[in-house]
Amino acid sequence: MAVDNALSSLLGPPACEKDAKALQFLEEMTKNADSVQDNVLAKILTQNSEVEYLKRFNLDGAIDRETFKSKIPMIRYEDLQPEIQRIANGDRSSILSAHPISEFLTSSGTSAGERKLMPTIKQELDRRQLLYSLLMPVMNLYVPGLDKGKGLYFLFVKSETRTPGGLLARPVLTSYYKSDHFKTRPYDPYNVYTSPNEAILCADSFQSMYTQMLCGLLEREQVLRVGAVFASGLLRAIRFLQLHWCELSDDIESGMLNKKITDPTVQDCMVNILKPNPKLAEFVRMECGKENWEGIITRIWPNTKYLDVIVTGAMAQYIPTLDYYSGGLPKACTMYASSECYFGLNLNPMCKPSEVCYTIMPNMAYFEFLPHEPAGISQDPTPKLVDLADVELGKEYELVITTYAGLYRYRVGDILRVTGFHNSAPQFHFVRRKNVLLSIDSDKTDEAELQKAVENASQLLREFNTSVVEYTSHADTKTIPGHYVIYWELLVKNSANSPGDEVLNQCCLAMEESLNSVYRQGRVADNSIGPLEIRVVKNGTFEELMDYAISRGASINQYKVPRCVNFTPIMELLDSRVVSKHFSPALPRWAPERRR
């Protein structure tokens, strides 16, 4: 099982022959990153040489980087919307890709509030599967014995729609879980889940969560790792256990499945899994019935070695709560991916969350990097894009991709900082999503959207001759699920006719109605976001906020009210000035989008 491998030479031998081959492939790709990138671009351009989009820019069959960069412009989603709309409406000509577009993968919202539609082709599933196949060989170098137990992962499918032309539009993970790559995956002792496929694929989020939690409890001693996609998803599972442990323990004791589980495929699969176990039921009641839930994950699943969740970017806000419930278990962030493309993986998955960096796999797409200056430093008006092998240590870049599925020099919107290299492939720390102000789960709300929501809600105050003088916001993750908090300072011109609780509650709902469909789906269908809250603060609070900022060195001439706050002293100042709190009284309107 010898393998010339920098990773395994540092950490010990691969766990098995299959791992050795995977790690060898990883080494080959990263040792020759620049030549791999050359080949990837040439293959993409050769494959798609006759597509309408590339012919528009007179590429004339060229496959070299210089010609490609000189002729093809850098674009955002809005630039590509006309082509995407044509495909969505049923145009099957080779607009973006020579291969047929098999479906659309939905991404977070556009400025108009709808989900973005990312074109994909069937061959992309193989590329994603290849990246997935590298995760456990790397993890096995750090955590031995994962073949001796199972993973308790809370995985879910989300709603999907069809475009007018008949193509499916759904999230990338829903596409993966419903594919044969996942459903008929070969047995791998290092990657066995407690959740049966039937539970994961159940479209009803309550039935899916209930069944997955039940299976996790039944196999509590076999569980070696606990995970979800995002940290917020794992905390939602813990909250679900807090709310439903009585019913779950009743099922375990009787061996009979709760009548709320009506999905026939789930019912059928649970017949072979659920047997009466009074002893386990009593244990669950004893642990969950305690007032103190600190360390509940290791109390229920005592052999858990780590949590497998994303805790980078906006998810970092959940780390203290995860530490509380897990007793400080390591948190593994294994891969970096999006609807547009799967990018790379973490070669040191057991590192601290603050040290997570991802190695870009040069075979996944053609990558370019737009230099990004930190806030306060003027940006170069004509920046030159940098190739994967030419990025500089310590610098920040916006990721730009060219994919097999038909995205060409597309700005993803992620800001990355170069932290090092593995062989010749750079490693990046995810800094943030560009322009995102608030995020609880997969939602992303920017400043313009928040401003519009405040403006729409404040219309309800007009009949009371009241206006919003100033506002800021905060993503409150102390509650499960987390929720948006909006701080309002009001100008009430007639105190005898000031807006009451009911009006301000309706303002909360009006704001939610104004937010994008990703947010509203989180509220209505996924239960991943709690009701929006408005906290009204005393008059003069935002002047105090400015005074505080100036006392810390801010320029009075350049001071702008921050539209989102996280700094503890500022939070404490705002909360000490709150005079009333109001919550959205109902769910906002949401339905799976009909694609025009």
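In this chain, residues are counted from 1 in sequence order.
Within a 6.0 Å radius of CE in M286, other residues, nucleotides and ligands contribute more than 12 heavy atoms. Around NZ of K275, the count of heavy atoms belonging to other residues, nucleotides or ligands within 6.0 Å exceeds 12. With a 6.0 Å radius and a threshold of 12 heavy atoms from other residues, nucleotides or ligands, K290 has its NZ atom above the threshold.
When only modelled atom types and interatomic distance are considered, Y484 and T445 share a side-chain donor-acceptor pair under 3.5 Å. One side chain, R185 or N197, offers a donor N or O that lies under 3.5 Å from an acceptor on the other. With hydrogens and angles left out, the side-chain atoms of D19 and Y190 include no donor and acceptor closer than 3.5 Å.
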**Message:** Could you walk me through whether I252 and L217 satisfy the side chain to side chain contact (heavy atoms under 4.5 Å, CB included) test, starting with their C-alpha distance in whole Å, then the side-chain angles of each, then the deciding distance to 0.1 Å, before giving a yes or no?
**Reply:** CA-CA 9 Å; I252 294 168; L217 292 171; 4.0 Å; yes
**Item:** Residues D204, T262; criterion side chain to side chain contact (heavy atoms under 4.5 Å, CB included); working and verdict
**Value:** CA-CA 10 Å; D204 184 291; T262 57; over 6 Å; no
**Request:** Show your working on side-chain hydrogen bond (donor to acceptor under 3.5 Å, both in side chains) between H422 and E27 and close with a plain yes or no.
**Result:** CA-CA 9 Å; H422 180 74; E27 289 299 294; 2.7 Å; yes
**Request:** Evaluate the criterion side chain to side chain contact (heavy atoms under 4.5 Å, CB included) for residue pair F428 and L399; output intermediate values, then yes/no.
**Result:** CA-CA 11 Å; F428 294 93; L399 183 57; over 6 Å; no
**Prompt:** Given K444 and V518, is the side chain to side chain contact (heavy atoms under 4.5 Å, CB included) satisfied, shown in steps?
**Reply:** CA-CA 8 Å; K444 297 178 180 73; V518 185; over 6 Å; no
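Between the side chain of T479 and the backbone N or O of P481 there is at least one donor-acceptor pair closer than 3.5 Å. At distances below 3.5 Å, at least one donor-acceptor pair connects side-chain atoms of D251 with backbone N or O atoms of N258. With hydrogens and angles disregarded, a donor-acceptor distance shorter than 3.5 Å links the side chain of D263 to the backbone of T265. In terms of modelled atom types and a separation under 3.5 Å, the side chain of H474 and the main chain of V485 share no donor-acceptor contact. For S584 (side chain) and P531 (main-chain N/O), no donor-acceptor pair under 3.5 Å exists by modelled atom type. Distance alone, capped at 3.5 Å, is enough to place a donor-acceptor pair between the R299 side chain and the E287 backbone. Remark: side-chain polar atoms of R417 are not paired, donor with acceptor, to backbone N or O of H429 under 3.5 angstrom. Between the side chain of S208 and the backbone N or O of S205, no donor-acceptor pair lies under 3.5 Å. When atom types are taken as modelled, the side chain of E513 and the backbone of R589 share a donor-acceptor pair closer than 3.5 angstrom. Under the 3.5 Å distance criterion, the side-chain polar atoms of S439 are matched with a main-chain donor or acceptor of D443.
Side-chain contact between L307 and I297: present, with at least one pair of heavy atoms (C-beta onward) separated by less than 4.5 Å. The shortest side-chain heavy-atom distance between W293 and L241 falls under the 4.5 Å cut-off. The shortest distance between side-chain heavy atoms of N348 and N346 falls below 4.5 Å. Here the side chains of D268 and E198 are not in contact, with every heavy-atom distance at 4.5 Å or above. Looking at heavy atoms from C-beta onward, E449 lies out of side-chain contact with Y519 at the 4.5 angstrom threshold. Using a 4.5 Å heavy-atom threshold, the side chains of P119 and F104 count as touching. The closest side-chain heavy-atom distance from P14 to K21 is not below 4.5 Å. Counting heavy atoms from C-beta outward, P349 and L135 have side chains that stay 4.5 Å or more apart.
The CD atom of E533 sits 4.0 Å away from atom NE2 of H483, with the distance rounded to the nearest 0.5 Å. Going from atom CG of L201 over to atom SG of C269 covers 10.5 Å, rounded to the nearest 0.5 Å. Rounding to the nearest 0.5 angstrom, the gap separating the CE atom in M335 from the CG atom in L134 is 9.5 Å. Rounded to the nearest 0.5 Å, atoms CZ (R128) and CD (Q123) are 11.0 Å apart. Here the straight-line distance linking atom OG1 of T211 with atom NZ of K260 works out to 12.5 Å at 0.5 Å rounding. Distance check: F343 CZ to M364 CE gives 9.5 Å after rounding to the nearest 0.5 Å.
Aromatic pair F206/F240: ring centres closer than 6.0 Å.
Considering L515, V524, I440 in turn, I440 is the only one that fulfils the side chain to side chain contact (heavy atoms under 4.5 Å, CB included) rule with I529.
For D250 and R285, the salt-bridge test passes: some basic side-chain N is under 4.0 Å from an acidic carboxylate O. With salt bridges taken as basic N to acidic carboxylate O contacts below 4.0 Å, one links R127 and E124.
Among pairs with a residue in residues 136-161, those fulfilling salt bridge (Lys or Arg N to Asp or Glu O under 4.0 Å) read K150-E219, K158-D526, E160-R170, E160-K178, at least two apart in sequence or across chains.
Closest approach of V138 and Y142 over heavy atoms only: O-CD1, 3.3 Å. Between C507 and I534, the shortest heavy-atom contact is CB-CD1, 3.9 Å.
A search for ring-ring contact (aromatic ring centres under 6.0 Å, His included) contacts involving Y132 returns Y176, Y342, not counting sequence neighbours.
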